[in-house]
Amino acid sequence: MHDLRSEERAKLVEELKSLGISNTKLLKAFLKVRRELFVGKDFLRFAYDNNALPINSNQTISQPFTVAYMTQLLDVKDNDKVLEIGTGSGYQAAILCEMGADVYSVERLEDLHQTAKERLNNLGYKVKLKCADGSRGWREYAPYNKIIVTAGSPKIPKSLLEQLSDNGKLVIPVGDEKGQVMYEVIKKMTDEGEPKYLYKTFDDFRFVPLIGEEAWDDK
Ligand code: SAM
């Protein structure tokens, strides 16, 4: 099929570069993944604006800059085993697949989980998907080299720290309902076999809430 929107994607990639995104593999993935296939039909014309857009169930597909920023922090290497919490539209998962990661993704809302499953499957992305409370991670396949949380959490869920491998990295927005700070946490196992966590904070963002046992209550 002729790709009518490749110019818009290239323009978006130039914008991301001007905003400090420099990871070549990541920019290539952005050139490849057709964001218009991940947004609702009412928002097709806005697919390449650098904005978050509504998806079903009052949720959002994150702003392209936010996806790029978090993915750049995550520093994805070929064959990294990556756990994403908050599948949403499946766009972030597709970007991770294009970067050569082995992707696991958890979504708490059944309709979003089903839609993303069909969409990613039709596009040929081999993502392992589960509908569950991702604040508890996905223990069955742990440990993961990288974990990315695409919803705002009041704290860093203990289960996610536990499910990181040695030298693994977690990227998660932490804060209140009004705004969150981006955290990077790296796990290092000591010679005594104890985990040590190194924390770093980055810019401010605003995400929909991470709702679950180790995050916000479902009000
Ligand atoms: N990564 C998504 C994408 O590429 O479209 C955007 C994610 S959206 C900003 C956040 C998602 O996190 C929503 O779909 C929401 O339902 C989901 N979510 C919130 N709490 C969750 C939880 N405890 N476990 C799994 N998913 C959760």
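Counting starts at 1 for both ligands and their atoms, following the listed order.
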So with a 6.0 Å cut-off around [atom1] of [X], is the heavy-atom count from everything else above 12?
X      : atom1 : answer
Lys117 : NZ    : no
Asn58  : CG    : no
Arg9   : CZ    : yes
Lys128 : NZ    : yes

Does the side chain of Glu214 pick up a donor-acceptor pair with the side chain of Ser159 at under 3.5 Å?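 The criterion, which ignores hydrogens and geometry beyond distance, is satisfied for Ser159 and Glu214.
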Donor-acceptor pair between Gln114 and Glu118 side chains, under 3.5 angstrom: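 Per modelled atom types, Gln114 and Glu118 side chains form no pair under 3.5 Å.
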Starting from [atom], which protein heavy atom do you reach first, and at what distance in Å?
atom                    : result
atom 16 (O) of ligand 1 : Glu107 OE2, 2.6 Å
atom 26 (N) of ligand 1 : Arg108 N, 3.2 Å
atom 10 (C) of ligand 1 : Thr150 O, 3.3 Å
atom 20 (N) of ligand 1 : Ile211 N, 2.9 Å
atom 15 (C) of ligand 1 : Gln59 OE1, 3.3 Å

Subset of ligand 1 atoms that lie under 4.0 Å from at least one heavy atom of [X]:
X      : result
Leu210 : 19 (C), 20 (N), 21 (C), 22 (C), 23 (N)
Ser89  : 3 (C), 4 (O), 5 (O)
Ser62  : 6 (C), 9 (C)
Gln92  : 1 (N), 4 (O)
Thr60  : 6 (C), 7 (C), 8 (S), 9 (C)
Tyr91  : 4 (O)
Leu112 : 14 (O)
Ser135 : 23 (N)

Quick one: hydrophobic cluster around Ile156, which other residues, with the 4.5 Å side-chain cut-off, linked directly or via members?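 Members besides Ile156, by chain and number: Leu83, Ile85, Tyr104, Val106, Trp138, Tyr141, Tyr144, Ile147, Val149, Leu160, Leu161, Leu164, Leu170, Ile172, Val174, Val181, Tyr183, Val185, Tyr197, Tyr199, Leu210.
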What do we get for Ala52 next to ligand 1 when only non-hydrogen atoms under 4.0 Å count, side chain, backbone, both or neither?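 Neither part.
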What part of Leu109 sits under 4.0 Å from ligand 1 if we count only heavy atoms: the side chain, the backbone, both or neither?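 For Leu109, only side-chain atoms sit under 4.0 Å from ligand 1.
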Ligand 1 contacted by [X] (non-hydrogen, < 4.0 Å):
X      : answer
Glu84  : yes
Ala93  : no
Pro209 : yes

Give, for atom [atom1] of [X] and atom [atom2] of [Y], the distance between the pair rounded to the nearest 0.5 Å.
X      : Y      : atom1 : atom2 : answer
Gln72  : Ile21  : CD    : CD1   : 4.5 Å
Tyr91  : Leu37  : OH    : CG    : 10.5 Å
Met182 : Phe207 : CE    : CZ    : 4.0 Å
Tyr125 : Glu98  : OH    : CD    : 3.5 Å

Report yes if some N/O of [X] lies less than 3.5 Å from some N/O of ligand 1; otherwise report no.
X      : answer
Gly86  : yes
Gly134 : yes
Phe207 : no

My understanding is that we take every heavy atom of each candidate and find the minimum distance to atom 2 (C) of ligand 1. Doing that for Thr87, Val39, Thr66, Asp218, which one comes out nearest?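 Residue with the shortest heavy-atom distance to the ligand atom: Thr87.
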Sole candidate of Glu36, Lys11, Glu8 that passes side-chain hydrogen bond (donor to acceptor under 3.5 Å, both in side chains) when paired with Tyr48: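 Result for side-chain hydrogen bond (donor to acceptor under 3.5 Å, both in side chains) with Tyr48: Glu36.
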Is any side-chain heavy atom of Phe65 closer than 4.5 Å to a side-chain heavy atom of Glu15?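 Counting from C-beta outward, Phe65 and Glu15 never come under 4.5 Å.
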